[in-house]
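These notes concern the structure reproduced below.
Throughout, a chain's letter reflects where its sequence line sits, starting with A, and its residues are numbered from 1.
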2 protein chains.
Amino acid sequence: MGRDRATLADVAERAGLSKTAASMVLNGREGTRLSAEAHQRVFAAAEELGYRPNVAARSLRTRKTATIAFVSDIVATTRFAGGLIRGALDAARERDHVLLITETQGDAAFEQYAIDAILDRQVDGVIYAAMATRRLAVPPAILGGRVVLLNATSAEPLPSVLPDDERAGARIAETLLAHGHRDRIALIGRNRQKERDPEISLAAAARLRGIRGTLADAGVTLSTEGFCPEWQPEHGYTATRALLRRPTRPSAIICMNDRLAFGAYQALGEAGLSIPGDISMISFDDDPIATWLRPKLSTAALPHEQMGRRAVELLVDGDTHEPSYVPMPLRRRRSVGAPAG
Amino acid sequence: MGRDRATLADVAERAGLSKTAASMVLNGREGTRLSAEAHQRVFAAAEELGYRPNVAARSLRTRKTATIAFVSDIVATTRFAGGLIRGALDAARERDHVLLITETQGDAAFEQYAIDAILDRQVDGVIYAAMATRRLAVPPAILGGRVVLLNATSAEPLPSVLPDDERAGARIAETLLAHGHRDRIALIGRNRQKERDPEISLAAAARLRGIRGTLADAGVTLSTEGFCPEWQPEHGYTATRALLRRPTRPSAIICMNDRLAFGAYQALGEAGLSIPGDISMISFDDDPIATWLRPKLSTAALPHEQMGRRAVELLVDGDTHEPSYVPMPLRRRRSVGAPAG
DNA sequence: CAGCCTCGCTAAACTGATTTAGCAGAGCAT
DNA sequence: ATGCTCTGCTAAATCAGTTTAGCGAGGCTG
């Protein structure tokens, strides 16, 4: 693999020029006074030899590696991670960069290992990503170079990429209002920890703000707010059952994510209620299950691919220190209708 | 980032020795005749300066990068990918290696880009991974170095890591037999393409072999075999509805994967049938949804993490050219019971 | 006492690129 | 004829390691 590759010296020799000349031509240096003919000869020689520069040699000299480190807590492991990585991968390729992936698993020793590995390899920049949108502490060691926070913010004034959860909450509320829902809109998934501790989640509070704000503008308040210890299907199920035991049945349920909505579907199914005939459902994330449900679930999509892409763009091209909010497109499917009776 | 790092020359100077001596000590070279005291001094100096070798410089000379390329068709994007990558990441860290991740998306130009990037960086080895277990063609350019196939095989005699689908099929059949199911066992998910074309899937045929073989040993044959164009929930739903229209209702359904099983659950729910009271369900993959379903689904887990780990082990330490089959543990949950009536 | 070996260590070459400093020749003005 | 500038190009240093070849001192042998 990579044996007997042509070196710059080979190219220069074949072109009948010096390494200096070859290097300058191939790097498209301005202001050099090399003749058009010299350019031709170098390009031809490089082409014929299939020349490709040795990255190690180049970065030894230039301290640039065309490599971006993608460091995350547990991103790579999660179903959502894929989009983040794919977007980053695509954008990196467009810029002729490559991605070095690392996971800290929230473990200090692993994080240290990751940082050392990154520093040893002199990556051009670091994308520091979190699984759940949250505020985190960036290890000081990497602050010497370019850093972009992905799905996270921090105390340091670093560029960051975040989903626009508040806006998404507003869109979801608007959608329900537009279908005629007003005073029987329930919410499932409130969670004190997630709403209060930005180190755990920024999404919860933002989504809630968006929902409440928009409803308030229409003079509406949420009729019921169901708390869940975790945003997992079983809690959505339990919370929905609790909801159905109350005297007035909601006309619509907003779930804080699709997994909760999945649990809610199960509970509604068991209760013999139909969606959206009896109750409308709407949610956040656009997890793959959203399209597997019957009827398919309307939900505000986490734009993972866009976010991963934006992170690389900011890292390579960017200069902002403002948080960059990526819109969460609303996937309109079949789970929202007019209020029953 | 990585400014003003101590170099080997700094260490040597502080230790009052030559670069040669320092290099040899730090690399733990055998057969060198450097004194114990020289060792001490070098280690002390390195420690005090926080010395870490520059990877670019080292690999320029040694052609080793302590980097493994993880090339896949669309693995990084998929929900299943996480486990593969995490396992590989863990094993790589244990061996002081790092992972360079690339996606070809099945596109020839992207693949070429990935290969060039890999060759330019002189990675120590390549893990060539497929999303669906299948046979594939390995680009000749990377055959010069170490290559391990992950979730795939190829015509070349390369080490490969595969899930033991046949064994899993057998375990699933055994489980149903043990619960007393015999002549009313149905199967959902047959698919000519997947079963016949190894470039599409090796899993389908292997699973089927395992199931059929074990049932045959007990003198049992599958009562119904439902075909599905894709292994997606909606096809599981449709196939199950078709199944329920037949005169004899199955006592158990084997699904070729959990997504089909999910669709089957939906159909059974609508038909008012209970699991496992009326019909037992069992499946393959251990997708996250398996534990979200009510009741939780028994399924043979794809051991992604183990597989990723094994791939790195084979790449770094290994010497086999045999395919390495990783067992698929059976997750026994609540979806299998005794046959009804 | 010469010759040889071992010990403990180092100088210098080498990896493959980029970059700085500068050289030879032509053209032109004085 | 001399000095100057401009053009087109190159030699050599540099990046930070690894590796080869070998040196000087001391001890042992014959």
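- Using a 4.0 Å cut-off between charged side-chain N and carboxylate O, B/Arg134 and B/Asp73 make a salt bridge.
- With no hydrogens or angles considered, a side-chain donor-acceptor pair links B/Asn151 and B/Thr133 at under 3.5 Å.
- Protein chain B contacts DNA chain C from C/dC7 to C/dG16, reading 5' to 3' and using non-hydrogen atoms of the protein with a distance under 4.0 Å.
- No side-chain heavy atom of B/Leu162 sits less than 4.5 Å from a side-chain heavy atom of B/Val326.
- Within 4.0 Å of B/Ala56, counting heavy atoms only, lies no atom of the nucleic acid at all.
- Within the 4.5 Å cutoff, no side-chain heavy atoms of B/Ile68 are placed close to those of B/Arg95.
- For A/Glu13, the CD atom is loosely surrounded, since the number of other residues' heavy atoms within 6.0 Å does not exceed 12.
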(Q) For a quick check, with a 4.0 angstrom heavy-atom cut-off, what is the B/S/- contact string for nucleotides 14-19 of chain D, read 5' to 3'? (A) BBBBBB
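- Ion pairing of B/Arg14 with B/Glu47 is absent here, as no side-chain N (NZ or NE/NH1/NH2) approaches a carboxylate O to less than 4.0 Å.
- The 12-atom threshold is exceeded at OH of A/Tyr113, counting heavy atoms of other residues, nucleotides or ligands nearer than 6.0 Å.
- Under 4.0 Å is where a charged nitrogen must lie from a carboxylate oxygen, and between B/Arg52 and A/Asp120 at least one such pair does.
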